[in-house]
Peer 1: 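Provided herewith is a single structure, encoded as structure tokens, for subsequent inquiry.
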Amino acid sequence: MNRRLYVSALAALTLAACASAVVTSRPWTPPVDAGGWNPAEASTRSTGLGLPGGAVLADGVRFAGGLTLLTVPSSPLHSLSDLKLTGAGGFVAVSDAGDLAQGRLKLDGRGRLVGLEAFRTRRLTLTDGAPISDKAEGDAEGLAVAASGDLLVSFERDHRIWNYGPLTNLRTPQAVRRPDFPFPENDGMEGLAASADGWRVAGESGGVWDCSPVRCRVVVAPPETPLPDGEYRITGMDRDPAGGWFVVQRLYRPPLDVRARVRRMAEDGALGPVLVELKLPGTTDNFEGIAAEKRGDRTRLYILSDDNFNAVQRTLMLAFDVR
């Protein structure tokens, strides 16, 4: 989603959530064979849920810490559009500028998110191995780690899903099945997540599909009239460790109404009650990424916002525990 959301009041209304000290992230030390990865410098600042009346959490959901990612304007750690966990505290993210990023979550003794570290990035490549250089080719929006361990990336504008192989040994991409649907140019496959035998896809302007190497099956048919920005639209999805999926949705009504919410999605595509709602005057932004993992008797969710390389937006990562 490459829209510039002009919400300059956002920073002022959530200033109370960003008043903590800046912490420089521990850098990543490249091995002898870095596999094309390069260290990326960043800092973080603790971020809460903002002013009262903003965040609404359902029963059984608790906030587990939040961060604002701080980087220089030219950093590839901007415009991050999806997020998945890789085990042992690691995560991978993709940007709609054509970059892949990895890092590590830092938790305190209570398991709350307090930092991000060991950042490294590399360019996504074309099928001939050349780094993506054209925005139209590199508008990556969805990310999934398949049951095989392969990394799947969905792109919009040139709508496709590419398999880059395992994260530990990335290869030139191979096209895999994607829904046979004429997605609008800038409203593509924003939700992408692993399933038992393939991957589930959600279109930003509507529609849900289950795909495998053989075919894609319609789960929820896209509406005749695409969902507009002024309605909640799915912008990220991940597998629920307990079965089904979690989705993050975003709504934008100019000039200042920017909202996000998290819900469960059932096998038939039905959406459950709202678990997390974020809106002004609390902490909110352009949330597009979501990742889930089992932690004790709860599920830990991380959601990530895309700052669109816009100085008045932020890259936020918020953590929630769901009973």
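Computed over heavy atoms, backbone and side chain alike; hydrogens, waters and symmetry mates excluded. The shown structure was predicted, so the numbers you read here are calculated from the model rather than taken from an experiment.
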Peer 1: Would you say S95 and H78 are linked by a side-chain donor-acceptor pair, where the criterion is simply a distance under 3.5 Å?
Peer 2: no
Peer 1: Quick one: does T315's side chain have a donor or acceptor within less than 3.5 Å of a partner on L69's backbone?
Peer 2: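 No, because the side chain of T315 does not come within donor-acceptor range (under 3.5 Å) of the backbone of L69.
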Peer 1: How about CG on D268, more than 12 heavy atoms from neighbouring residues, nucleotides or ligands closer than 6.0 Å, or not?
Peer 2: yes
Peer 1: Less than 4.0 angstrom from a charged side-chain N to a carboxylate O is my criterion; do R122 and D99 meet it?
Peer 2: no
Peer 1: Quick one: does NZ or CZ of R261 land under 6.0 Å from the six-membered ring centre of Y232, within 45 degrees of the ring axis?
Peer 2: yes
Peer 1: Applying side-chain contact (heavy atoms from CB on, under 4.5 Å), run through M237 and R200 and close with a yes or a no.
Peer 2: CA-CA 9 Å; M237 178 168 53; R200 174 162 284 202; 3.6 Å; yes
Peer 1: Once you round to the nearest 0.5 Å, how far does CD1 of I161 lie from OG of S154?
Peer 2: 6.0 Å
Peer 1: Quick check: closest heavy atoms across A97 and R123, and the distance to 0.1 Å?
Peer 2: O-NH1, 2.8 Å
Peer 1: Within a radius of less than 6.0 Å around CG of D108, do more than 12 heavy atoms belonging to other residues, nucleotides or ligands occur?
Peer 2: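 Yes, enclosed.
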Peer 1: Do the side chains of V201 and V153 join up, straight or via other hydrophobic residues, at under 4.5 Å, putting them in one cluster?
Peer 2: no
Peer 1: If you compare all heavy atoms of P52 against all heavy atoms of P281, which two are closest, and at what distance to 0.1 Å?
Peer 2: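 Closest pair (atom of P52, atom of P281, distance): O-CG, 3.6 Å.
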Peer 1: Determine whether K279 and D257 satisfy the following criterion, salt bridge (charged side-chain N to carboxylate O under 4.0 Å, His left out), listing intermediate values before the conclusion.
Peer 2: CA-CA 8 Å; K279 61 184 186 300; D257 193 0; over 6 Å; no
Peer 1: Is it the case that the ring center of Y302 lies less than 6.0 angstrom away from the ring center of F91?
Peer 2: no
Peer 1: For the pair L70 and V22, evaluate side-chain contact (heavy atoms from CB on, under 4.5 Å) and give the outcome as yes or no after the intermediate values.
Peer 2: CA-CA 8 Å; L70 306 171; V22 173; 3.7 Å; yes
Peer 1: So which of K294, R298, R300, R112 actually passes salt bridge (Lys or Arg N to Asp or Glu O under 4.0 Å) with D321?
Peer 2: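 Testing each of K294, R298, R300, R112 against D321, the sole residue satisfying salt bridge (Lys or Arg N to Asp or Glu O under 4.0 Å) is R300.
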Peer 1: Between the side chain of S75 and the main-chain N/O of A40, is any donor-acceptor distance below 3.5 Å?
Peer 2: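 It does not hold such a pair.
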Peer 1: Could you tell me whether the side chains of T47 and T68 share a donor-acceptor contact shorter than 3.5 Å?
Peer 2: yes
Peer 1: Run the salt bridge (charged side-chain N to carboxylate O under 4.0 Å, His left out) test on R323 and D297 for me, step by step, so that the C-alpha distance in whole Å, both residues' side-chain angles and the decisive distance to 0.1 Å come before the verdict.
Peer 2: CA-CA 7 Å; R323 187 171 59 221; D297 61 350; over 6 Å; no
Peer 1: Heavy-atom distance under 4.5 Å between the side chains of E137 and R160, does that happen here?
Peer 2: yes
Peer 1: Please check if the side chain of H159 supplies one atom and the backbone of P184 the other of a donor-acceptor pair under 3.5 Å.
Peer 2: yes
Peer 1: Can you measure from CG (L275) to CZ (F246) and round to the nearest 0.5 angstrom?
Peer 2: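 Interatomic distance, L275 CG to F246 CZ, rounded to 0.5 Å: 6.5 Å.
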Peer 1: Return yes if some donor-acceptor pair links the side-chain N/O of D307 with the main-chain N/O of S79 below 3.5 Å, else return no.
Peer 2: yes
Peer 1: I need the R314 CZ to T283 OG1 distance, nearest 0.5 Å.
Peer 2: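 The distance works out to 5.5 Å.
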Peer 1: Please collect all disulfide bond (SG atoms under 2.5 Å apart) contacts where either partner lies in residues 165-194, sequence neighbours excluded, each pair once.
Peer 2: none
Peer 1: Output the distance between atom CG (D96) and atom CG (N308), rounded to the nearest 0.5 Å.
Peer 2: 6.0 Å
Peer 1: Between the side chain of R177 and the main-chain N/O of P213, is any donor-acceptor distance below 3.5 Å?
Peer 2: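 Side chain of R177 to backbone of P213: a pair is present.
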Peer 1: Determine whether L107 and R295 make a side-chain contact, defined as any pair of heavy atoms from C-beta on separated by less than 4.5 Å.
Peer 2: yes
Peer 1: Output yes when a side-chain donor or acceptor of R250 lies under 3.5 Å from a complementary backbone atom of D285, and no otherwise.
Peer 2: no
Peer 1: How far apart are the closest heavy atoms of D82 and G289, and which atoms are they?
Peer 2: OD1-CA, 3.4 Å
Peer 1: Examine distances only and state if a side-chain atom of W245 and a backbone atom of A194 form a donor-acceptor pair shorter than 3.5 Å.
Peer 2: yes
Peer 1: Do P30 and W37 come close enough that some side-chain heavy atom pair is under 4.5 Å?
Peer 2: no
Peer 1: For residues G206 and P223, report the shortest heavy-atom separation together with the two atoms involved.
Peer 2: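 Looking at all heavy atoms of both residues, the closest pair is CA-CD, 3.7 Å.
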Peer 1: Going by side chain to side chain contact (heavy atoms under 4.5 Å, CB included), E288 matches just one of V248, T235, L80. Which one?
Peer 2: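 Among V248, T235, L80, the one that satisfies the side chain to side chain contact (heavy atoms under 4.5 Å, CB included) with E288 is T235.
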Peer 1: What's the spacing between R215 CZ and D180 CG if we round to 0.5 Å?
Peer 2: 13.0 Å
Peer 1: Has R62 got a side-chain atom pairing as donor or acceptor with G60's backbone, closer than 3.5 angstrom?
Peer 2: no
Peer 1: Search all heavy atoms of I132 against all heavy atoms of L126 and return the closest pair with its distance.
Peer 2: CG1-CD2, 3.7 Å
Peer 1: Membership question, hydrophobic clusters at under 4.5 Å side-chain separation (ILVMFWY): are L304 and L100 in the same one?
Peer 2: no
Peer 1: Heavy-atom count check: over 12 atoms from other residues, nucleotides or ligands less than 6.0 Å from R26 CZ?
Peer 2: no
Peer 1: Is it possible for you to say whether V92 and W28 belong to one hydrophobic cluster, with membership spreading through side-chain heavy-atom contacts below 4.5 Å?
Peer 2: yes
Peer 1: Using side-chain heavy atoms (C-beta onward) and a distance below 4.5 Å, is R178 in contact with C211?
Peer 2: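 R178 does not reach C211 side chain to side chain.
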Peer 1: Should I234 and L192 be regarded as members of a common hydrophobic cluster, given that ILVMFWY residues are connected when their side-chain heavy atoms come within less than 4.5 Å of each other, either directly or indirectly?
Peer 2: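 As far as the 4.5 Å side-chain criterion goes, L192 and I234 are not connected within one cluster.
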Peer 1: Assigning hydrophobic clusters by single linkage (Ile, Leu, Val, Met, Phe, Trp, Tyr; side-chain heavy-atom cutoff under 4.5 Å), is V322 placed with F63?
Peer 2: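 Per the 4.5 Å side-chain linkage, V322 and F63 are co-clustered.
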Peer 1: What heavy-atom pair brings A140 and L124 nearest, and what distance separates the two atoms?
Peer 2: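 Taking every non-hydrogen atom into account, CB-CD1, 4.1 Å.
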Peer 1: State, yes or no, whether a side-chain contact exists between L113 and L105 at a heavy-atom distance under 4.5 Å.
Peer 2: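 Yes - at least one pair of side-chain heavy atoms lies under 4.5 Å apart.
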Peer 1: Any heavy-atom pair between the side chains of L85 and V145 that's under 4.5 Å?
Peer 2: no
Peer 1: Applying side-chain contact (heavy atoms from CB on, under 4.5 Å) to Q102 and L167, what does each step give before you reach the verdict?
Peer 2: CA-CA 10 Å; Q102 287 194 79; L167 189 58; 3.3 Å; yes
Peer 1: Considering only heavy atoms from C-beta outward, does the side chain of F287 approach that of D306 to under 4.5 Å?
Peer 2: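 No. Closest side-chain heavy atoms not under 4.5 Å.
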Peer 1: When you look at CG of D59, are more than 12 heavy atoms from neighbouring residues, nucleotides or ligands closer to it than 6.0 Å?
Peer 2: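 Not buried by this count: 12 neighbours or fewer within 6.0 Å.
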Peer 1: Just by modelled atom types, is the L143 backbone N or O under 3.5 Å from a matching donor or acceptor in the K84 side chain?
Peer 2: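 Pair found, side chain donor or acceptor close to backbone of L143.
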Peer 1: Under 3.5 Å, is there a donor-acceptor pair between the side chain of T125 and the main chain of T172?
Peer 2: no
Peer 1: Please assess L251 against V258 for the test side-chain contact (heavy atoms from CB on, under 4.5 Å), listing each intermediate value before the final yes or no.
Peer 2: CA-CA 6 Å; L251 171 153; V258 183; over 6 Å; no
Peer 1: Can you tell me how far the CG atom of D229 sits from the CD atom of E204, to the nearest 0.5 Å?
Peer 2: 6.5 Å
Peer 1: Are V262 and F320 close enough that some pair of their side-chain heavy atoms sits under 4.5 Å apart?
Peer 2: no
Peer 1: Which residues pass the ring pair (Phe, Tyr, Trp, His ring centres under 6.0 Å) test with F181, sequence neighbours left out?
Peer 2: F183, W209
Peer 1: What about the rings of W162 and F155, do their centers lie closer together than 6.0 Å?
Peer 2: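 Yes, close enough.
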